[in-house]
Number of protein chains: 2
Amino acid sequence: MTAETPARGDGRGRAGLPDGPARLDDVDARLVAALREDGRATLATLAGVTGLSQSAVQARVRKLEARGVVTGYRAVVDPAALGLPLTAFVEIRPFDQAQEDDAPERVRSLPGVEACYSVAGEANYMLMVRVASPQALEELLGEIRREARVSTRSTIVLQTYFE
Amino acid sequence: MTAETPARGDGRGRAGLPDGPARLDDVDARLVAALREDGRATLATLAGVTGLSQSAVQARVRKLEARGVVTGYRAVVDPAALGLPLTAFVEIRPFDQAQEDDAPERVRSLPGVEACYSVAGEANYMLMVRVASPQALEELLGEIRREARVSTRSTIVLQTYFE
DNA sequence: TGTGAAAAATCTGTAAT
DNA sequence: ATTACAGATTTTTCACA
């Protein structure tokens, strides 16, 4: 073999689309599913799930990581056990629409802000926050408003059925 | 040792509260933080982080798992790579408030529904869904409405800053 | 709880098919 | 992709403070 072997096509998938998912085949899909269920599954386990050899599984998992399909591994922790039993969704929109729109950066470092999305709708952004108490939520909302100069509209989570 | 050794108090924490978080000490907190960042961190790494021996760390991690503080380990997967680039929040409320309120169970099995919360506010429940396209969202919303007999109000996610 | 050490299992890299 | 093998790491278990 003298020249490089292009893995699949030109790395762009279909007609000029920015490097796409590069479609997962059946085996990859099963690996991903298994790793989503148990991020610590051993190669032996994954080999069993897919019917492939351990070596083949290892190579595939590495590729999935390298391709950015699997971006990491995390322990799932009960928020209540961390002292943050209260979850809320917070929609925010700027007081003054002329101001600079850097809300995501501004709220990122506030403790308790777990996620930030820009959304289409009445609000500009949607946050998910976890706090210790209603009082803590009140304080956090104040920080959010002040830090990002926005108004907030909160939806309190009463119960999490699954996530 | 003849009788069982109660781990801490009576297992209820403070005055009759239903078995609480059992407060994490400093070391546990660091372990949890490390495992949230890297769910595959080795005992050696965790020992380094905490200054404890591997055995001690292992015992603590086991207890955190047994206590339900750490509920599992998951690979983090790029939704786009799975062919689900479109995220949305869907608020739902029943058409007829007299009907049985089993929406969470009904939507649980619908593919693409990633989370379900009951909420305080105008809606009864908030869902987070991931789908392949606007068309797929339309179809999923139809299924949700039909399956759980609810009306929906959706907020499309344009960009995920962090989660 | 904790430590330390030995045994068992797992991962990694390489090579031949 | 598969099998096989060796060396390094990691996990597990156990004796003991």
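Convention: sequence-line order gives letters A, B, ...; per-chain numbering from 1.
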| Among residues 51-61 of chain A, which residues get a heavy atom nearer than 4.0 Å to DNA chain C? | A:Gln54, A:Gln58
| Would a 4.5 Å heavy-atom cut-off, applied to side chains only, mark B:Thr155 and B:Val90 as touching? | no
| request: List in numerical order all residues of residues 33-48 of chain A for which some heavy atom is under 4.0 Å away from an atom belonging to DNA chain D. | output: A:Arg40
| said: Going by side chain to side chain donor-acceptor pair (under 3.5 Å), name the pairs with one or both residues in residues 31-42 of chain A, residues two or more places apart or in two chains. | reply: A:Thr42-A:Thr45
| message | Let me test you: for the helix from C:dT1-D:dA17 to C:dT17-D:dA1, what is the angle between the axes at its two ends (five pairs each), rounded to 10 degrees? | response | 30°
| field | B:Arg30 versus B:Thr50, side-chain donor and acceptor atoms under 3.5 Å | value | no
| query | Is a donor on one side and an acceptor on the other found under 3.5 Å between the side chain of B:Ser118 and the backbone of A:Gln159? | reply | yes
| task | Would you check if A:Asp101 and A:Pro94 make a side-chain contact, meaning some heavy-atom pair closer than 4.5 Å? | result | no
| field | Outermost DNA chain D nucleotides near chain B [under 4.0 Å, heavy atoms] | value | D:dT10 to D:dT13
| query | Hey, are B:Thr87 and B:Arg130 close enough side-chain-wise for a donor-acceptor pair under 3.5 Å? | reply | yes
| message | Per the side chain to side chain donor-acceptor pair (under 3.5 Å) rule, what does the pair list look like for residues 102-111 of chain A, sequence neighbours excluded? | response | A:Asp102-A:Arg106
| field | Side-chain touch A:Asp28/A:Arg60, heavy atoms, less than 4.5 angstrom | value | yes
| request: Determine whether more than 12 heavy atoms belonging to other residues, nucleotides or ligands lie under 6.0 Å from atom CD of A:Glu138. | output: no
| B:Ile92 reachable from B:Phe95 in the ILVMFWY side-chain graph, under 4.5 Å edges | no
| field | B:Phe89 ring center within less than 6.0 Å of A:Phe89 ring center | value | yes
| Note, A:Asn124 side chain near A:Val119 side chain (heavy atom, < 4.5 Å) | no
